[in-house]
Structure formats: structure tokens, C-alpha cells
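Report on one structure; see the data block that follows.
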Amino acid sequence: MKIVILGFGAVGQGIARVISMKKDHLKNKYELKPQIVAVCDRSGAAICESGLDEELLLQTKNDTGKIALYPDYGYPNMDSLQVLDEIEYDCLVEVTPTDINDGQPAHKHILKAMEDGKDVVTSNKGPLALSFQDLADCARKNNVEFKFEASVGGAMPILNLAHETLAGCSIESVYGILNGTTNYILSRMANEGSSYEQTLKEAQEMGIAETDPYQDVEGIDAACKIVILANSVLNMPVTLKDVKVEGISKITSESISLAKKEGLLIKLIGEASSDNLEVSPRLVRQGSPFAVEGTLNVATFKTDLADDITVVGKGAGSVETASAILSDIVSIWKMRNKKNN
């Protein structure tokens, strides 16, 4: 399978790393031989029809900061859309930075690949939160696979759980902790009695919170994931503007202390159901599945046949997120092989 990666930040590099790590496993178990034939970032592109060396890609990015300086196969003046026209490939992995205002450039990348008959895997929440139905329609129209497990919950297998393991169930709702940064902040505040401002600063110094943490702490990131879950799992044609959103920036150490005395914790919870799309701070019982700490995510599906099903996992991380992307690549490979046979 020939793969193009657009975006070579933490997640893009994670994909190169896991492909390098798991080559023998993928070949032996699935007869899958993934080849990265092109990578593009802001510096330009690296392209090779016979496949780029994953370790050299990582080394080039680490040493120079520019993938276009990849030896012999670097193209400093080539942009992402040119790459998609230049090289023959099977699957686009779209992992450019998320833009929740217009979903670009990921939106145009995904549409072009689909219209060219290529399968797409993405972790990018922007276009999914703003234009999910348009993208899904385009995939159906062009008979291509569109996978986005990594867009919700990082390594946590939430979408695949819903569509495959729970395929025989009707899912009534999904709710959970869908942002690791806010869970880390609230956990530290509960354990140490520290203020929101102090804990956020420490999280930024540790690299857990972004320099500009707005999307995380104000609930926007979690709201994007609720939109994806509502569309994909509950078949609700909604967008980001349909979600009621409240973040954690107004939560005080005093309110957390009062909750603890009652055996409760404050967590940022997202919910998607037929009558509610919401992200807000809520009280959860200590010792419940939602009492997870650190950057962990947790989600519960309410079903008709299996009652409540809960999954917990790491919601972020380069290799962790790449593991979800790799699972989508394997899924596409298996589906294509089944159709061809």
C-alpha cells in the first residue's frame, strides 16, 4: 500500500515511526507492505515512488526541521496539492494542524484525494466538526474508504468499538472525558488543592497544555469530538455550532474541595444523544469509571443490548495517536483485499 502523509508534526512523525517499527508484523499478519511514497509539510515535500526511508524521514525532520531537505528526493517548492497530483498512491494520511474556523487545508486535501479515488485516513478534527456530512457523502460517491479513529480519543478505540464490536446494538448516547489536557488540570487541582491558573501554567511548562490552551480549556476540542461521535455513531447531521460548550477556566480550587468532601470529582464531560449535545464540567462519583486521572480519556456508550460499555485509553501522544491511524490503514487494507477476492 502506497501512502502519502500530509503534515509531519508529532502525529505525522509518529506514523513514520510506527510503520518502521511494525513492518514485519504487518507483513506477517496481514501481508501488508506499507510504503510512504510522499511526505509534505510547510517546508515542501519528499517524494520517492519506490518508498521513502522512515528513519531517514525522522532524522531529516529532527536535524533540519524541514522534510524538503530529505536527501535526493526533497522538493522545497512543492505544495500539498501538487504532491497529490505528482505521485501515484493508494491512501492519504491527512494530519496537518487542526483549524476549527474553516477546516483548511485539510478539507481540500481530503476532498481532492477522494475525488481522485483514493482512500483517506485522518486525525484532523477541523473538517469533520465543520463538514462531516459533505465528506462522508464524497466518500460514498467516489466509493472510497474514509477513516478517522484517531480524531476522537487518540489511541482509545472508540469509533471502531461502536461500529464493529457493538454493531448489533442500538447506541442511544455516548458521553465521556474526551480531552486529556483538561483532565490533567482537574486531576492535579483535586489532588493538590492548587489553583486553575497555577496548574495550567505547570501543564504548559510540561508540554501537556498548549502555549495557547483556549481550545482545550474552553471545551472546543471536546466539542469537536462530540460532533464527530454524533455524526458517525448516532447518525446525527450536526456541526460544531450545534454543541453547547462550557470550559473549565472558571472552576476554582474551592469548588473542587467542596465536591471532594461529598465523594465527588469535577470533570469536563462531553455528551451526545438525540436530545443533548453538550460539553460542560460535571460532578462524577469518586471510584466511578470517570474518576480517571492524568491525560487519560474515558467514554461510555449506552446501548439497548449491552447496557453501558466503557472504554479508557490515552487520548493523545505521537505514537499513541499513530497507533489509531495504523489500525485504520490495516482496516482499509483488509477491506480492499476482501473486495478484490
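Contact detail for Leu92 and Ala113: the closest heavy-atom pair is CD2-CB, 3.6 Å. Considering every non-hydrogen atom in both Ala10 and Ser318, the closest pair reads O-OG, 2.5 Å. Between Pro127 and Ala106 the shortest heavy-atom distance is CG-CB, 3.8 Å. Closest of all the heavy-atom pairs between Ile325 and Ser123 is CD1-CB, 4.2 Å. The two residues Thr60 and Leu69 come nearest to each other via the heavy atoms CG2-C, 3.7 Å. The heavy-atom pair separating Leu56 from Pro71 by the smallest distance is CD2-CD, 4.0 Å.
Looking at Ser331, its side chain never comes within 3.5 Å of a backbone N or O of Ser327 through a donor-acceptor pair. Formation of a donor-acceptor pair under 3.5 Å by the Lys125 side chain with backbone atoms of Asp221 is not found in this model. A donor-acceptor pair under 3.5 Å is absent between the side-chain atoms of Asn179 and the main chain of Ala222, judged by distance alone. Counting only distance, with no hydrogens or angles, the side chain of Gln204 and the backbone of Ala209 share no donor-acceptor pair below 3.5 Å. Remark: the backbone N or O of Gly270 is not paired with any side-chain donor or acceptor of Glu278 at under 3.5 angstrom. Panel note: side chain Gln13, backbone Phe8; a donor-acceptor pair is recorded below 3.5 Å. Checked by atom type and distance alone, the side chain of Asn183 pairs as donor or acceptor with a backbone atom of Val292 at under 3.5 Å. Distance alone, capped at 3.5 Å, places no donor-acceptor pair between the Ser255 side chain and the Ile251 backbone. Within the 3.5 Å criterion, the main-chain N or O of Ile67 finds a donor-acceptor partner in the side chain of Ser43. A donor-acceptor pair under 3.5 Å is absent between the side-chain atoms of Asp85 and the main chain of Gln82, judged by distance alone.
When the side chains of ILVMFWY residues are joined at heavy-atom separations under 4.5 Å, either directly or via intervening members, Leu6 and Val95 end up in two distinct hydrophobic clusters. Taken together through direct or relayed side-chain contacts under 4.5 Å among Ile, Leu, Val, Met, Phe, Trp and Tyr, Ile248 and Ile226 form part of one hydrophobic cluster. Leu84 is connected to Val37 through a chain of hydrophobic side-chain contacts under 4.5 Å among Ile, Leu, Val, Met, Phe, Trp and Tyr, so both are in one cluster. By the criterion of side-chain heavy atoms lying less than 4.5 angstrom apart, applied directly or through intervening Ile, Leu, Val, Met, Phe, Trp or Tyr residues, Val4 is grouped together with Leu135 in one hydrophobic cluster. In the hydrophobic clustering of this structure, Leu178 does not group with Leu296; members are Ile, Leu, Val, Met, Phe, Trp, Tyr whose side-chain heavy atoms approach within less than 4.5 Å, directly or through other members.
Side chains of Asn124 and Thr98 form a contact here, defined as non-hydrogen atoms less than 4.5 Å apart. Using a 4.5 Å heavy-atom cutoff, the side chains of Met1 and Ile332 are in contact. Looking only at side-chain heavy atoms (C-beta outward), Lys61 and Val39 stay at 4.5 Å or farther from each other. Between Glu88 and Glu49, the closest side-chain pair of non-hydrogen atoms is not below 4.5 Å. Counting heavy atoms from C-beta outward, Leu128 and Val227 have side chains that stay 4.5 Å or more apart. At least one side-chain heavy atom of Phe301 sits less than 4.5 Å from a side-chain heavy atom of Val233. Side-chain contact check for Phe148 versus Ser232: some heavy-atom pair is nearer than 4.5 Å. Residues Tyr70 and Ile47 form no side-chain contact, since every pair of their non-hydrogen atoms from C-beta on lies 4.5 Å or further apart.
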Candidate pair Glu31 and Lys334, rule salt bridge (charged side-chain N to carboxylate O under 4.0 Å, His left out), full reasoning: CA-CA 10 Å; Glu31 298 183 350; Lys334 291 162 69 176; over 6 Å; no
task: Apply the test salt bridge (charged side-chain N to carboxylate O under 4.0 Å, His left out) to residues Lys147 and Asp119: give CA-CA distance (whole Å), side-chain angles for both, the deciding distance (0.1 Å), then the verdict.
output: CA-CA 8 Å; Lys147 300 283 188 179; Asp119 299 320; over 6 Å; no
message: Set out, in order, the CA-CA distance, both residues' side-chain angles and the distance that settles side chain to side chain contact (heavy atoms under 4.5 Å, CB included) for Lys244 and Asn276, then state yes or no.
response: CA-CA 9 Å; Lys244 294 177 287 185; Asn276 194 34; 3.3 Å; yes
query: Asp328 and Val93: side chain to side chain contact (heavy atoms under 4.5 Å, CB included), yes or no, with the steps?
result: CA-CA 10 Å; Asp328 281 345; Val93 175; over 6 Å; no
field: Ile110 vs Phe146, side chain to side chain contact (heavy atoms under 4.5 Å, CB included): CA-CA, chis, key distance, verdict
entry: CA-CA 9 Å; Ile110 293 170; Phe146 182 35; 4.1 Å; yes
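A donor and an acceptor atom, one from each side chain of Ser170 and Glu172, are nowhere located under 3.5 Å apart. Using modelled atom types, one finds a donor on one side chain and an acceptor on the other under 3.5 Å when comparing Lys267 with Ser187. In this structure, a donor-acceptor pair under 3.5 Å is present between the side chains of Ser80 and His109. Neither side chain, Glu115 nor Asn142, offers a donor N or O lying under 3.5 Å from an acceptor on the other.
Taken from CD1 in Ile87 to NZ in Lys2, the straight-line distance is 6.5 Å, to the nearest 0.5 Å. With rounding to the nearest 0.5 angstrom, the CD1 atom of Ile5 is 9.5 Å from the SG atom of Cys91. Atom OG in Ser249 sits 9.0 Å away from atom CD in Glu197 (nearest 0.5 Å). Rounding to the nearest 0.5 angstrom, the gap separating the CG atom in Leu166 from the CD1 atom in Ile171 is 5.0 Å. Atoms CG and CD, from Asn297 and Glu320 in turn, are 11.5 Å apart once rounded to the nearest 0.5 Å. Taking OG of Ser195 as the reference point, atom CE of Met189 lies at 6.5 Å (rounded to 0.5 Å).
Within 6.0 Å of the CG atom in Asp63, the count of heavy atoms belonging to other residues, nucleotides or ligands exceeds 12. Within a 6.0 Å sphere centred on CD of Glu86, heavy atoms belonging to other residues, nucleotides or ligands number 12 at most. Within 6.0 Å of atom CD in Glu210, 12 or fewer heavy atoms from other residues, nucleotides or ligands are found, so the atom counts as exposed in its surroundings. Heavy atoms of other residues, nucleotides or ligands lying less than 6.0 angstrom from OH of Tyr196 number more than 12. In the displayed structure, Arg42 atom CZ is contacted under 6.0 Å by at most 12 heavy atoms of other residues, nucleotides or ligands.
Between Asp90 and Arg336 there is no salt bridge, since no side-chain N of the basic residue sits under 4.0 Å from a carboxylate O of the acidic one. Of the charged side-chain nitrogens involved, none lies within less than 4.0 Å of a carboxylate oxygen, so that Lys27 and Asp24 do not count as a salt-bridged pair. Taking the charged nitrogens against the carboxylate oxygens, Lys112 and Asp116 do have a contact shorter than 4.0 Å, which makes a salt bridge.
The aromatic rings of Phe290 and Tyr175 lie parallel to each other, with less than 30° between the two planes, well short of the 60° mark.
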